[in-house]
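Please see the structure below; I have some questions.
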Amino acid sequence: MSIVSGGVAAAKAAMRAAIRKEIQKLKDKMRKAKEVKQKIKRVQSQIDNDISKWNRSLDAFESSPMAPVKVTDKFEGDSAEIISAKIPEPIGEMQETASGAQEVQGEVDVQIEKLDAYIILLEQKIEALYAQLAAI
């Protein structure tokens with residue numbers, strides 16, 4: 001083996017090692033991105049469950065006998081007037097909270113989509129590096 005061919009072989013080995021190192025870095029990033037995605041999906045599931053519970057509670061409250069307040073032979077007089085004046089405020093707050101939770105839910109979906117795009121990008125870079133490795 002000549003000095004030139006030995007130098008070329010060493011250079012190729014160094015290039016292969018550098019590419020393998022870069023592939024490993026990208027695989028580590030992809031693994032972390034997938035872990036984060038799974039954690040976010042668990043949070044998303046909790047949010048979905050909480051929104052469902054909240055909406056069931058809100059529906060139950062809005063359809064309860066207390067909702068109209070002024071029910072003949074049950075809630076009458078000054079108390080009924082006071083209660084009926086106060087009921088719209090908590091219902092409005094409950095609806096606002098439900099709406100805010102749904103906005104958070106939408107943002108979580110956006111983050112999952114961004115992570116999916118990032119993972120695809122990493123996969124493409126890894127494939128390109130494997131192609132470079134094969135060409136050496």
Side-chain angles (χ1 to χ4, degrees):
M1 184 193 294
S2 72
I3 294 174
V4 174
S5 64
V8 171
K12 285 183 178 183
M15 287 174 56
R16 283 189 199 104
I19 291 172
R20 285 188 190 105
K21 186 176 180 180
E22 185 63 25
I23 288 171
Q24 190 55 51
K25 283 182 187 178
L26 293 174
K27 283 183 175 182
D28 290 344
K29 286 182 181 183
M30 191 165 50
R31 181 183 46 76
K32 288 192 184 274
K34 287 179 177 181
E35 287 173 6
V36 169
K37 180 182 168 185
Q38 288 306 315
K39 288 177 182 179
I40 291 174
K41 282 190 161 227
R42 282 194 294 275
V43 169
Q44 181 185 42
S45 179
Q46 290 172 333
I47 291 170
D48 292 346
N49 289 335
D50 290 345
I51 287 173
S52 293
K53 286 179 191 175
W54 188 260
N55 285 331
R56 283 193 304 271
S57 297
L58 179 59
D59 290 344
F61 184 74
E62 288 176 324
S63 63
S64 76
M66 286 294 292
V69 180
K70 295 180 187 178
V71 177
T72 306
D73 298 327
K74 287 189 180 181
F75 308 109
E76 297 176 342
D78 292 339
S79 294
E81 293 291 332
I82 293 169
I83 293 170
S84 67
K86 291 184 178 185
I87 289 293
E89 183 180 339
I91 288 177
E93 288 174 7
M94 290 173 78
Q95 290 168 336
E96 197 173 304
T97 300
S99 175
Q102 288 170 340
E103 287 177 27
V104 169
Q105 186 180 37
E107 289 301 317
V108 169
D109 288 337
V110 168
Q111 293 307 310
I112 290 172
E113 289 171 11
K114 287 182 178 182
L115 279 168
D116 284 337
Y118 180 63
I119 290 167
I120 289 169
L121 178 67
L122 291 173
E123 288 171 343
Q124 291 170 344
K125 287 181 178 183
I126 290 170
E127 286 177 23
L129 286 170
Y130 275 123
Q132 282 181 1
L133 192 60
I136 296 176

Which heavy atom of K27 sits nearest to which heavy atom of I126, and what is that distance? CG-CD1, 3.7 Å
Specify the closest pair of heavy atoms between I47 and A101, including all atoms of both residues, with the distance to one decimal. CG2-O, 4.2 Å
Please list, one pair per line, the donor and acceptor atoms closer than 3.5 Å that link side chains of residues 111-123 to other protein atoms, with sequence neighbours excluded.
unit_1, atom_1, unit_2, atom_2, d
D116, OD1, K37, NZ, 2.5

How long is the gap from OH on Y130 to CZ on R20, to the nearest 0.5 Å? 9.5 Å
What's the spacing between I23 CD1 and E127 CD if we round to 0.5 Å? 11.0 Å
Going from CE on M15 to NZ on K12, what distance comes out if it is rounded to the nearest 0.5 angstrom? 8.5 Å
Near E35 CD, under 6.0 Å, is it more than 12 heavy atoms from other residues, nucleotides or ligands? yes
Would you say V110 ends up clustered with I40 if hydrophobic residues are merged whenever their side chains have heavy atoms under 4.5 Å apart, either directly or through other cluster members? no
Non-hydrogen atoms of L129 and I19 that approach each other most closely: O-CG2, 3.5 Å
Does D48 offer a backbone N or O that forms a donor-acceptor pair with the side chain of S52 under 3.5 Å? yes
Matching residue for L26 among M30, E22, Q24 - test: side chain to side chain contact (heavy atoms under 4.5 Å, CB included): E22
Taking atom CZ of R56 and atom CD1 of I51, what is their separation to the nearest 0.5 Å? 12.0 Å
